[in-house]
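Working notes, structure below.
As a basis for the values below, the full set of heavy atoms in this structure was taken, side chains included, without hydrogen atoms, waters or symmetry mates. In each ligand, atom 1 is the first atom listed, and ligand 1 is the first ligand listed.
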Amino acid sequence: MSQAPGSTRSTLRRGAVLLTGLLGASLLALPATPAANAISEPLAEATATDLTSLVRVSTPTRADKDRLNALGLDLTEHAGEDFVEVVLHGAADNDVLRAAGFTWAVEVADMAARERDRAGLDAAYAASVDGSPLPSGRETYRTLADYNAELLQLAADHPGLVKSIELPEKTIEGRTVRGIEITRDVEASDGKPVFLLMGLHHAREWPSGEHAMEFAQDLVRTFTAGDARTTDLLSRARVLIVPVVNADGFEQSRRDGSFVDLREVDDGSTVAILGTPGAAYKRKNCRPADGIDSIPEGACAASISQGGFGNGVDLNRNYGGLWGGPGAAATPEDPTYRGAGPFSEPESRNVQQLISSRQVTTLITNHTFSNLVLRPPGVRAQGPPPDEAVYAALGARMASNNGYKNQPSYALYDTTGTTEDWSYYATGGLGFTFEIGDEFHPPFEEVVDQYLGLGELAGKGNREAYYEALTSAADPALHSVLGGKAPAGAELTLVKEFATLTSPVLSPAGTTGPQQVVTDRLQTSLVVGKSGRFTWHVNPSTRPAVMAKRLEVLSEPLRSQSFEGGPTEPATGSADHEFVVTESGAGLLRVDLTWPTPDDYDLEVYLRKPDGALERVASSGAFLGEKETAFVEAPVPGTYVLRAVNFASTSPTYTMTATVYGQPDYQLTPGLVEQWTLICSIDGAERSRQLVTVDRGSSSKVDLRACRR
Ligand code: 0X9
Ligand code: ZN
């Protein structure tokens, strides 16, 4: 549906329609929305409610969060125990929120005005400094052209250290997505572990690209200056930087956000006034509709609706991992639209192919905002991953540098189809989301401070958090290593193919349909050097998704003890219960936590050390089902602390039960063990092929004597 200029639609939406007409492209019919209701409202009120605003919605329980999450509104990651901040794109969104019975407080009444203020502050900052303290010295946000030129320039200026890469697929508007690789002897085919840093999956989250690019500059500058730490790290690891994943969306957002003063654009006439903020707060990519795979460069602007957020696919809901489940929308006009299928978008396929063709042992995907370090899973019901302890510890080390809160993604609300829910469960490489700062794109000076650290964190910030991630990416204790001898010049290929099921796919009406199958093929290669020896840093051969063990009870346990507890405060509350294992040689300590309401508790088990310190020995998860169970195999005698952590439960009570099993009482069936297929070729001809098993933190010697000329 398209409308003539001068119709009675409310201001900003009319603006979008006008722009569509003016640009001569009407690729997308704007959805008929309740905004039309604004016609009958007095003009002043219609205008006021049609502003794009940021509001804090009250959500006292996890159930409220789930209900809010299902409304199709533009949720931010800024959420707490009893609130979620939401971007309201005009009257229609206000109505949806009100009709659902929510209450809210307005944080930023007019995001367009904030955008103009921000642009003004940025101009003032740039005028007041002679180069910022950032590695690049930049004083303003980069444009897409700036990013691309800088990536190419870095490669041109530093051969041997920096290599330019193009991701395999062009965007919907036909753009090339660029990145760089940085390591000592960058052209070599080595077996170094890879750290991947990405930005701008979401168009409006400008600092997410800035920090990725600044880290690239940092590494290049410090390496070139002979800095010992960078030299060491870049001798042991390869860094991959893709600052702008969503090139089309970012181009739109950055361009529209730069209308400093509306009158400068066309002397205050219609386009400028109605076009701003335009796409400054666009989130998604530029797909105008499912089935339309390419549009001319610049045509994205024509398909943007009010506030610039209406059309497109949310790239952080389009990955294969758990795709199609809760916390993602099934309808295209929603801000978290998951797309027509898993990996339906060129931008997410780009990242999939990038990761599938290297051994990315750690990645960070930058977003804004809310000062968070997030780790998988995105969905509460998935349960903690087998690497939860490793994840929590690395998250904490990064958080000690940037001052962020370190927690699993689902702690705020559920999401499915996100980057690291695919990358981690498919490859075993550790993946984190950083939610930077306090705004989608704050005044640039804040971006500088957040990178370098401020106050107590001066000299730390995200710069040091990224160094921490890179250090961990390089640490063989956190991934796996294959080593051995092979003829010099032999090409080794490591392959793994597997199928994963998506979530049961939710329909627009909320009913659950069948799961879909996502097939992945991971394939990396290495050329054996002159020495005839190789060391290959890889991800574990078994995927985390299939590692879980299962308990089969064969006979009565030795004993069991229950504790009643509650209530505890949602999100902040936890309660400890002590249980003493007296038996030496017990086979298993099993801890169960149950409660009457269908909401969320978590369970953690600690062993009290002689010095009083608590060592985490287990946490719940790995079993599908509502309530929590944790296992400690071969528990040493001692005092165990059983901790009930209330994430979002309103339950007045809970029951914690500890059970000790003797050796013959149970069977713990190991999860699946998977292998890499290692192919050795000489001059293009395959000479040997074998299966290789390697776990996290271990190394395997590979016998390649069969691979001969
Ligand atoms: O929703 C997202 O994609 C991320 N937040 S953002 O505001 N940058 O859009 C967070 C994804 C993971 N978070 C949760 N599962 N809550
Ligand atoms: Zn984001």
Under-4.0 Å salt bridge between [X] and [Y]:
X: Arg142; Y: Glu210; answer: yes
X: Arg380; Y: Glu628; answer: yes
X: Arg287; Y: Glu345; answer: yes

(request) From atom 2 (C) of ligand 1, work out which of His367, Arg317, Lys65 has a heavy atom at the shortest distance. (result)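 Checking each option, the heavy atom nearest atom 2 (C) of ligand 1 is found in Arg317.
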(message) Please state which option from His78, Arg204, Arg283 has its nearest heavy atom closest to atom 9 (O) of ligand 1.
(response)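 Among His78, Arg204, Arg283, the closest heavy atom to atom 9 (O) of ligand 1 belongs to Arg283.
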(message) When you measure from the heavy atoms of Leu374 to every atom of ligand 1, does any distance fall below 4.0 Å?
(response)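 A heavy atom of Leu374 does come that close to ligand 1.
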Suppose we measure from [atom] to each protein heavy atom; which comes out shortest, and what is that distance?
atom: atom 7 (O) of ligand 1; value: Glu77 N, 3.4 Å
atom: atom 15 (N) of ligand 1; value: Thr415 OG1, 2.8 Å
atom: atom 8 (N) of ligand 1; value: Glu205 OE2, 3.0 Å
atom: atom 6 (S) of ligand 1; value: Glu435 OE2, 3.5 Å
atom: atom 11 (C) of ligand 1; value: Asn316 ND2, 3.7 Å

(message) Name the residue from His441, His202, His78 that meets the ring-ring contact (aromatic ring centres under 6.0 Å, His included) definition with Phe369.
(response)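 That would be His78.
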(request) Check each atom of ligand 1 against the heavy atoms of Thr368 and keep those under 4.0 Å away; list them by number with element. (result)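 Selected atoms, number and element: 7 (O), 8 (N).
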(message) Is it true that Ser423 and Thr427 share a donor-acceptor pair across their side chains at a distance under 3.5 Å?
(response)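 Side chains of Thr427 and Ser423: no pair found under 3.5 Å.
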(message) Counting the benzene-type ring for Trp, do Phe195 and Tyr466 have ring centres under 6.0 Å apart?
(response)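 Between Tyr466 and Phe195, which both carry aromatic rings, the centre distance is not below 6.0 Å.
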(message) Taking the six-membered ring for Trp, are Phe215 and Tyr451 closer than 6.0 Å centroid to centroid?
(response)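 They do not qualify: ring centres at least 6.0 Å apart.
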(request) Determine whether the side chain, the backbone, both or neither of Thr336 has a heavy atom under 4.0 Å from any heavy atom of ligand 1. (result)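 For Thr336, no heavy atom sits under 4.0 Å from ligand 1.
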(message) Checking Glu420 against Thr365 for the side chain to side chain donor-acceptor pair (under 3.5 Å) test, could you report, in this order, the C-alpha distance in whole Å, the side-chain angles of both residues, the deciding distance, and whether it holds?
(response) CA-CA 8 Å; Glu420 65 271 30; Thr365 173; 5.7 Å; no
(message) I'd like to know if the side chain of Thr336 reaches the main chain of Ala328, judged simply by a donor and an acceptor atom lying under 3.5 Å from each other, with no hydrogens or angles considered.
(response)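 Checked: no pair found.
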(request) Under the side-chain hydrogen bond (donor to acceptor under 3.5 Å, both in side chains) rule, collect the residues that match up with Thr331, sequence neighbours excluded. (result)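 Only Asp334 meet the side-chain hydrogen bond (donor to acceptor under 3.5 Å, both in side chains) criterion with Thr331.
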(request) Using the six-membered ring of Tyr391, assess whether NZ or CZ of Arg375 lies under 6.0 Å from its centre and within 45 degrees of the ring axis. (result)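 No; the conditions do not both hold, so Arg375 does not lie above the ring face of Tyr391.
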(message) Does any N or O of ligand 1 fall below 3.5 Å from an N or O anywhere on Thr418, backbone included?
(response)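 Min N/O separation from ligand 1 is not below 3.5 Å for Thr418.
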(message) Please give me the protein atoms (N, O or S only) lying under 2.8 Å from the Zn ion (ligand 2), ordered by chain and number.
(response)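 Result, waters dropped: His202 ND1, Glu205 OE1, Glu205 OE2, His367 ND1.
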